[in-house]
Amino acid sequence: MSYYESETAGQPERVQKIPISDLKPFRNHPFRVVDDESMLRTTESISMFGVLTPLLARPLSDGSLEIISGHRRARAAEAAGLTEVPVIVRKMTDDEAVVLMVDSNLQRENILPSERAFAYKMKLEAMKRQGERTDLQEGVTSDQVGRRLETAELIGLDTGDSRNQVRRFIRLTNLIPELLEMVDQRQISFNPAVELSYLKPEEQKNLIEAMDFTQAAPSLSQAMRLKKLSQKGSCSLDDMCEILGEVKKGDLERVAFKSEQLRKYFPKSYTPKQMSDVILKLLDQWQKKRQRDKAR
C-alpha cells in the first residue's frame, strides 16, 4: 500500500489511521523499547483512551513506513490489542529523519547513558553530512558572543549538555557491549567509563575479568591510570588486577554488607533503597533508645 505524505501547502498535516504491521522501527534505533512498568502504564492508558498523540513516520521505497517518533506508543498499542494507530506521514531524507528521531526521543525521562551516547553519535554524523551551519552565535553569556559553535555544541544547546559532555557521551560508544551495560546498570560510573573507553577492545575484555577477580569497579583515578598504561602499550591483566585491588580512599571508612547477608531479613520484593531506608530508621531508633538509657 502507498501512503501519501501529510504535508500540503498551507494546510495542517493530516493524521492517517495506519496498520501497525505496516510500520517499521527506525533502523539502528538507539533507544530501547522495553516492557517495563512505564510501558505497562502506557498500555493501560491506550486500552482506555486510545493513542492520543499520533506517531510520526516517513515513507520508504518498499512502500512501508519507518517510525521516526512513537516506537513506545506503537508497542503499547499492539499490546493493548489495537491493529491501527494514528500516524502523520512526512517525507524526509535519511539525515533529516535521524536528527528528528533523536530530538523527539531525547525529551524522554530516564534515558540510559548508552542510549544518549549512540543518539548523540547518530545526530552528530547526520548533521555533519547535512552540512549543518556551525557559524551560529550563542548569546547566552557575553564571553560566547561572536564565537562559532561546533556541531557537538549545537547538539548540546538542544539538550542542556556542554560540547565536551556531548563528546564524552559519544566516547562511550567505544566501550564493548559488556562494559557499556555495566555503565547503564550503574556498576561503573560515567566519568571512569569515559576514560575506560580509550582502552583497546581486548584490554576491555581483560578489565571485566579483573573486575570479577577483585570484585571492584575502577574509580576515576584508577581508570585514568589504566588509560595511561594502555597508551604506553603495557596495560596487562596483572596490571589491572593490581590497580583494582588497591583499597580506595572511601573504602577505609566504609562499612559494607553483601546483599545475601541482608536479604534474609527483608521481603523479596524490597529494593536495595527500601532495605537501606529500613536499616537507617532502625539505627535511628536504636540511637534514641541509647540516649534515653543514658539519661536515666
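Being a predicted model, the structure only gives us computed values, none of them experimental.
- To the nearest 0.5 Å, atom CG of residue L226 and atom CG of residue N206 are 11.0 Å apart.
- The salt bridge (Lys or Arg N to Asp or Glu O under 4.0 Å) test applied to E202 returns no partner, not counting sequence neighbours.
- In terms of modelled atom types and a separation under 3.5 Å, the side chain of Q204 and the main chain of I176 share a donor-acceptor contact.
- For the pair T42 and S45, the minimum side-chain heavy-atom distance is 4.5 Å or more.
- The side-chain hydrogen bond (donor to acceptor under 3.5 Å, both in side chains) contacts involving residues 74-86 comprise D35-R75, where partners must be two or more places apart or lie in separate chains.
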Pairs under 3.5 angstrom only: tabulate donor-acceptor contacts from the side chains of residues 282-292 to other protein residues two or more places apart or in another chain.
{"residue": "D284", "atom": "OD2", "partner": "K288", "partner atom": "NZ", "Å": "3.4"}
{"residue": "K289", "atom": "NZ", "partner": "D293", "partner atom": "OD2", "Å": "3.2"}

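- Side-chain contact between P86 and K17 is present, with at least one heavy-atom pair separated by less than 4.5 Å.
- No donor-acceptor pair under 3.5 Å is formed between the side chain of D103 and the backbone N or O of L100.
- Ion pairing of E37 with R41 is present here, as a side-chain N (NZ or NE/NH1/NH2) and a carboxylate O approach within less than 4.0 Å.
- Within the model, atoms SG of C235 and OH of Y198 stand 15.5 Å from one another, a figure rounded to the nearest 0.5 Å.
- Applying the ring-ring contact (aromatic ring centres under 6.0 Å, His included) criterion to F169, with sequence neighbours excluded, gives Y120, F190.
- For F266, the side-chain contact (heavy atoms from CB on, under 4.5 Å) test picks out L262, Y270, M275, V278, I279, with sequence neighbours left out.
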Under 3.5 Å, sequence neighbours excluded: what are the donor-acceptor pairs made by side chains of residues 51-58?
{"residue": "R58", "atom": "NE", "partner": "E66", "partner atom": "OE1", "Å": "2.7"}
{"residue": "R58", "atom": "NH1", "partner": "M92", "partner atom": "O", "Å": "3.2"}
{"residue": "R58", "atom": "NH1", "partner": "D94", "partner atom": "OD1", "Å": "2.9"}
{"residue": "R58", "atom": "NH2", "partner": "E66", "partner atom": "OE1", "Å": "3.0"}
{"residue": "R58", "atom": "NH2", "partner": "D94", "partner atom": "OD1", "Å": "2.8"}

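- Not a single donor-acceptor pair under 3.5 Å links the side chain of D184 to the backbone N or O of E181.
- By the 4.5 Å heavy-atom criterion applied to side chains, L244 and L207 are counted as neighbours.
- There is a path of hydrophobic side-chain contacts, each under 4.5 Å, that joins I111 to V183.
- Under the 4.5 Å side-chain criterion, counting only non-hydrogen atoms from C-beta, D161 is not in contact with R168.
- Looking only at distances, no side-chain donor or acceptor of S189 sits under 3.5 Å from a matching main-chain atom of P192.
- A pairwise comparison of heavy atoms in A76 and M39 identifies CB-SD, 3.7 Å as the closest pair.
- Minimum heavy-atom separation, S69 to R73: OG-NH2, 3.3 Å.
- Between L179 and L199 the shortest side-chain heavy-atom distance does not fall below 4.5 Å.
- When all heavy atoms of A193 and L172 are compared, the pair lying nearest together is CB-CD2, 3.8 Å.
- Both M240 and I208 belong to a common hydrophobic cluster when Ile, Leu, Val, Met, Phe, Trp and Tyr are linked at side-chain heavy-atom distances under 4.5 angstrom.
- Across all non-hydrogen atoms, the minimal contact from N174 to S197 is CB-O, 3.6 Å.
- Under the rule for a side-chain hydrogen bond (donor to acceptor under 3.5 Å, both in side chains), T43 has no partner lying at least two apart in sequence or in another chain.
- Smallest separation of non-hydrogen atoms from L106 and R116: CD2-NH1, 4.0 Å.
- Note: N105 CG to R32 CZ = 14.0 Å, rounded to the nearest 0.5 Å.
- Once rounded to the nearest 0.5 Å, the distance linking CE of M122 with CD1 of I170 reads 12.0 Å.
- Residues M211 and Q187 fail the side-chain proximity criterion, which asks for heavy atoms closer than 4.5 Å.
- For the ring pair (Phe, Tyr, Trp, His ring centres under 6.0 Å) condition, no pair includes a residue of residues 91-110, sequence neighbours left out.
- When the salt bridge (Lys or Arg N to Asp or Glu O under 4.0 Å) test is applied to K24, the partners found at least two apart in sequence or on another chain are D62.
- Taking H71 as the reference, H29 meet the ring-ring contact (aromatic ring centres under 6.0 Å, His included) condition, with sequence neighbours excluded.
- Atom OG of S219 is separated from atom CG of N191 by 11.0 Å, given to the nearest 0.5 angstrom.
- Not a single ring-ring contact (aromatic ring centres under 6.0 Å, His included) links F118 to another residue, sequence neighbours left out.
- Proximity of S234 to L229: side-chain heavy atoms (C-beta onward) are separated by under 4.5 Å at one or more points.
- Taking both residues in full, the closest heavy atoms of I20 and L82 are given as CD1-O, 3.3 Å, listed atom of the first, atom of the second, then distance.
- Side-chain contact between M101 and F31: present, with at least one pair of heavy atoms (C-beta onward) separated by less than 4.5 Å.
- Taking CG from L237 and CD from E203, the interatomic distance works out to 11.0 Å, rounded to the nearest 0.5 Å.
- Each salt bridge (charged side-chain N to carboxylate O under 4.0 Å, His left out) pair with one or both residues in residues 218-232, not counting sequence neighbours, appears once here: E195-K227, R225-E246.
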Open item on the list: Between I188 and L175, is the side-chain contact (heavy atoms from CB on, under 4.5 Å) condition met? List the steps.
Closed with: CA-CA 12 Å; I188 299 177; L175 291 172; over 6 Å; no
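- Using a distance-only test at 3.5 Å, with no hydrogens or angles considered, a donor-acceptor pair links the side chain of K200 to the main chain of S230.
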